[in-house]
Amino acid sequence: MPISLDNNMMRAIIMDHYSNPNNKHQPLNDQFVKIHMHSDNCIDDLDIFLLVKNGVVEDACFDGIGCTISTASTDIMCDLFKGKSIKEALYIIEQYQKMVHEEEFDAEVLDEALAFINTSKQAARIRCATIGFNAAEMILKGK
Amino acid sequence: MAYDVYKIRELFPMLRKDKTMQGKPLVFLDNASTTFKPRSVIDACSSYYEEHNSNSHRGDYDLAYDADMMVQKTRDTIAKFLNCDSREVVFTSGDTQALNLLAYGYALKFLKEGDEILLSIEEHASNLLPWFKVAQLTKAKVSYIPLNKYGQITVQNLKKALSSKTKIVSVAHVSNVLGYTVDIKEFAKIAHQFGAVMVVDGAQSVPHSKIDFKDLDIDFLTFSAHKMCGPTGIGCLIGKYDLLDRMDSFSLGGGMNVTFHKDATIEYLNPPSKFEGGTLNLSGIYGFKAAVEFLMDLGMDNIHAHEVELQEYALKRLKGYKNIYIYNAHARGGIITFNIEGVFSQDEATLFNHKGIAIRSGLHCAKMLPEFLGVPSTCRASFYLYTTKEEVDAFVDALINGGDILDAYFS
């Protein structure tokens with residue numbers, strides 16, 4: 001995906017993943033690793049599930065209550081992770097974190113997650129935009 | 001003298017005209033959370049550090065005597081403000097610590113297995129969790145006064161919930177989510193008939209209306225200074241003296257004992273000192289006094305009337321919008337709790353932030369209330385003595401005109 005995503009495209013991506021999150025459901029089996037996340041200052045209350053086999057994220061999903069930003073960002077993250085090695089997934093997380101904190105980042109790997117490039121305009125929402133990524137990082141690093 | 005909100009605003013550094021948020025003039029409507037401070041309060045706080053810095057209780061020199069006097073004068077001012085005795089004014093770090101002091105100092109000492117603590121599901125966490133903990137420790141039971149269909153706690157429902165086992169009734173005078181006022185005087189009367197003590201969380205009432213501790217005949221009242229133009233980190237437990245006298249201290253150390261011995265016996269100072277171990281938040285106490293004086297000068301009745309006028313104005317303007325749901329139209333005060341159909345509260349609050357308007361979204365620390373309201377969360381706008389009609393207009397316009405919730409990120 002080109003980095004020249006315009007604002008309307010980014011809006012459409014976020015609204016689409018918020019209105020119709022295709023990864024928002026309970027896991028298909030009990031082999032998924034689950035982590036429960038809730039925000040200190042808002043009501044985002046999400047479970048993140050990753051299915052990791054032989055060093056590869058085979059599947060990812062989430063469920064719970066979240067705002068537009070947390071729901072859409074987590075849904076996109078699940079799409080990004082499927083089929084990626086743990087190393088690749090961690091690299092995506094790192095680049096995404098750099099992006100939302102306005103540091104230099106590798107745009108190549110973020111695909112639709114680039115829609116959250118403006119998160120720092122609403123600093124209070126950085127926690128929403130990273131809640132899924134923080135959860136996934138904890139799972140992948142075994143914390 | 002007429003209440004001139006524009007003149008009042010000139011006294012607040014945070015309300016200067018060039019103060020912006022997201023590049024727009026700041027409209028602060030999260031006053032139920034905390035309030036701005038007038039110059040007199042800020043100056044009083046810094047005067048402690050710049051002119052009076054010394055410890056209270058401890059010195060034989062003039063500076064320390066002055067600090068002692070200031071602590072006493074602040075107690076006197078608060079006592080006058082609330083119509084209680086100054087010996088009944090205990091300084092705490094705020095409302096939360098005051099309620100914890102009651103839970104650990106009173107309830108833990110006097111409750112036993114099978115006793116009941118009567119609360120409501122719309123209480124703030126600070127008026128629930130300390131009681132939960134005490135219930136666990138004493139095997140007492142926590143129960144709840146049912147809400148009526150509007151979310152109010154009524155005398156009728158109190159009567160239904162009380163029993164001979166009820167030892168403590170603790171409710172907020174004004175709910176921090178729905179803004180309803182509880183008929184505390186009647187509550188205290190009925191609670192006393194059942195032999196229970198009446199605890200009132202005054203966090204949302206003391207800053208906004210005239211409170212007469214003696215006339216209400218309640219046993220304990222708690223509140224924070226920062227919600228009434230005072231500094232953070234200071235607040236009060238007001239208690240009837242004989243009850244304070246029977247209570248245990250929760251924070252032991254210097255400044256609260258007469259003497260202690262090798263056999264681990266302690267002789268305590270009298271209330272309120274016996275609850276105030278350690279160095280007090282003296283800068284906060286200086287500021288607290290200035291804040292109470294500021295409110296008394298304006299007049300609590302004037303403040304309340306101003307807030308009610310703003311609320312009525314806002315509700316009138318919001319009438320007829322079917323997609324805007326107001327949860328507390330029956331309340332009388334400066335809190336408006338709402339949602340927009342189909343919009344997650346936090347997304348709405350972010351859109352307001354983008355317009356320079358500070359409102360609150362979420363559960364407002366009353367995490368058991370959503371089950372009653374039937375929604376996961378709400379938005380809350382709360383007014384105060386310095387809020388203007390123009391600010392209410394900005395709020396209502398933002399609410400009516402809405403806009404895409406993602407405008408906050410992309411414009």
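A note on names: the letters A, B, ... follow the listed sequences, proteins ahead of strands, and every chain is numbered from 1.
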Does the ring centre of [Y] sit less than 6.0 Å away from the ring centre of [X]?
X	Y	result
F338(B)	F395(B)	yes
F28(B)	F36(B)	yes
F12(B)	Y386(B)	yes

* Checking heavy atoms, do the side chain of A115(A), its backbone, both or neither come under 4.5 Å from chain B? -> backbone
* Side chain, backbone, both or neither: which part of F116(A) has a heavy atom under 4.5 Å from chain B? -> neither
* Asked: Where does the angle between the aromatic ring planes of Y327(B) and Y325(B) fall among parallel (under 30°), tilted (30 to 60°) and perpendicular (over 60°)?
  -> perpendicular
* Asked: Most heavy-atom pairs under 4.5 angstrom with chain B, which of S70(A), S120(A), G66(A)?
  -> G66(A)
